[in-house]
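Report on one structure; see the data block that follows.
If you read the sequence from its start, that first residue is 1, and numbering goes on from there. Since this is a predicted model, take the numbers as computed values, not measurements.
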Amino acid sequence: MTEAIPNYPFEQPNVLEPPKEWAETRAKCPVAHVRMPSGDVVGLLTGYEEVRGLLTDPRFSRNLEREGAARMSTTEDGGVFSRPSVGDVDNKEGPGHRRWRRLISRAFTVKKMEAWRPRIQQMADALVDDMVAKGAPVDLRAALALPLPVQVICALLGAPSEDQDRFARWSETLLTLTRYTQAEVDDAQREFRAYASDLIERKRAHPGDDLLSELTQISDSEDGQLSHDELIATAVGLLLAGHETTSNMILKMTAMLLSERERYEAVLAAPGLVPDVVEEALRMDANGGVGIPRFITEDTEVNGVPVKAGSTLFVNLHAANRDERKFPDPDRFDPHRENRAQHLTFGAGPHFCVGQTLARVELQVVLGTFVRRLPELRLRDTAADLRTREGVSAGGFEDMWVTW
């Protein structure tokens, strides 16, 4: 009897616990088969070495606009990974991506991102001031987790922070799995691109002390400059990824610490642990979305399992972070874990997240601010009461109420 192909993403016991299928599929076979919301069947990788290997192998293509590539979402365009993006196609892999990466990386050095820490701290303190003034309980998503990353990415790019509600709406729509229609996606994409194009033109005409102004000026004798279309794709990508994932992670990290109080109290007792706690929270994330796809361009194998050219694989970074072969006792929260920073939350290989330093700085600032200013911070409800944002590829929570 043929085993039924399970639907993906898998259901979770609660938002902080991984689906049982992560460990089950890893134990059975390096490549499991799952059905995406679109109905297409893909191979799923959940082992650490297999996931890392796929992300670093150039034979596995990031470009899902190819004929025969699996679709992710219920929209006709197949979702965010398959959707054609102006100025983005040549930058998805190969020499075009390497050129784009060399140009963009100059603006995201560790030194430049660390220089933003005092300003991010000011933003976080102002938001906590508002929380305290209003009084508990508050929805942490609305009060801090969403506005802080949006304020940061807006300040970084030089975009007006009052546009944050539009960014949130556009981003959620573009990351749909089942929640939005193709017409809604098309409208969001058109509006987002037009907004980014207008912003770029203004920065080019009147450069400021911001990333987008810098990107319009960056040039190199070998790599040239970013074209207008490349700048649009870059600005949209940064506005989308720069707040959506970090916003979600602020809530997930906080929930991990407050749901088991001794974790938070350990940081209260030793605030120097903040960076290590952030790394372990990134590793332990059980609600990280669907993962990352790759299109297979030639017959190959994954840990001895044949994979045909023309097929699509998804890697679940967060399942790989629970691989007991890499992280002993992987379901235990341990900020003292020696290899905690070797997690794959930010990916690996040529597409390793360019904004990972900024994300770390934001998470460290948030946790440090909570420890300093809200030592009595608590969840109003239990972890079992937290609701996942359904129908979008980035995961996260609908809301999270806290008290103190």
- Message: So that I can tick it off, tell me whether Asp129 and Arg373 are bridged by a salt bridge, with the cut-off set at under 4.0 angstrom between side-chain N and carboxylate O.
- Response: yes

- Task: Considering only NZ, NE, NH1 and NH2 on the basic side and carboxylate oxygens on the acidic side, decide whether Asp139 and Arg141 come within less than 4.0 Å.
- Result: no

Under 3.5 Å: donor-acceptor pair, side chain of [X], backbone of [Y]:
{"X": "Thr254", "Y": "Ile250", "value": "yes"}
{"X": "Thr173", "Y": "Ala188", "value": "no"}
{"X": "Glu230", "Y": "Trp100", "value": "no"}
{"X": "Thr56", "Y": "Gly53", "value": "yes"}
{"X": "Arg283", "Y": "Asn321", "value": "yes"}
{"X": "Thr74", "Y": "Leu177", "value": "yes"}
{"X": "Gln356", "Y": "Cys353", "value": "no"}
{"X": "Lys252", "Y": "Met284", "value": "no"}
{"X": "Asp130", "Y": "Leu127", "value": "no"}
{"X": "Arg119", "Y": "Val152", "value": "no"}

- Under the side chain to side chain donor-acceptor pair (under 3.5 Å) rule, collect the residues that match up with Arg26, sequence neighbours excluded. none

- Query: Listed by chain and number, what are the side chain to side chain donor-acceptor pair (under 3.5 Å) partners of Glu362, not counting sequence neighbours?
  - Reply: none

Would you tell me whether [X] and [Y] have side-chain atoms, one donor and one acceptor, within less than 3.5 Å of each other?
{"X": "Asn248", "Y": "Thr245", "value": "no"}
{"X": "Ser61", "Y": "Asn63", "value": "no"}
{"X": "Thr369", "Y": "Gln121", "value": "yes"}

- Just wondering, do Arg261 and Leu258 contact through their side chains at under 4.5 Å, heavy atoms? yes

- Item | Close side-chain approach of Leu238 and Leu211, heavy atoms under 4.5 Å | yes

- What residues, two or more places apart in sequence or in another chain, satisfy ring-ring contact (aromatic ring centres under 6.0 Å, His included) together with Trp170? Phe192, Tyr195

- Item | Contacts of Phe397 that satisfy ring-ring contact (aromatic ring centres under 6.0 Å, His included) - sequence neighbours left out | none

- Note on the structure: Contacts satisfying ring pair (Phe, Tyr, Trp, His ring centres under 6.0 Å) that involve residues 27-51 (not counting sequence neighbours) are Tyr48-Phe327

- Task: Give, for atom CD of Glu280 and atom CE of Met253, the distance between the pair rounded to the nearest 0.5 Å.
- Result: 13.0 Å

- Task: Assign the ring pair Tyr8 / Phe10 to parallel, tilted or perpendicular, where the plane angle (0 to 90°) is split at 30° and 60°.
- Result: perpendicular

Listing, residues 264-273 side-chain donor-acceptor contacts under 3.5 Å, not counting sequence neighbours, or none:
| unit_1 | atom_1 | unit_2 | atom_2 | d |
| --- | --- | --- | --- | --- |
| Tyr264 | OH | Phe370 | O | 3.1 |
| Tyr264 | OH | Leu374 | O | 2.9 |

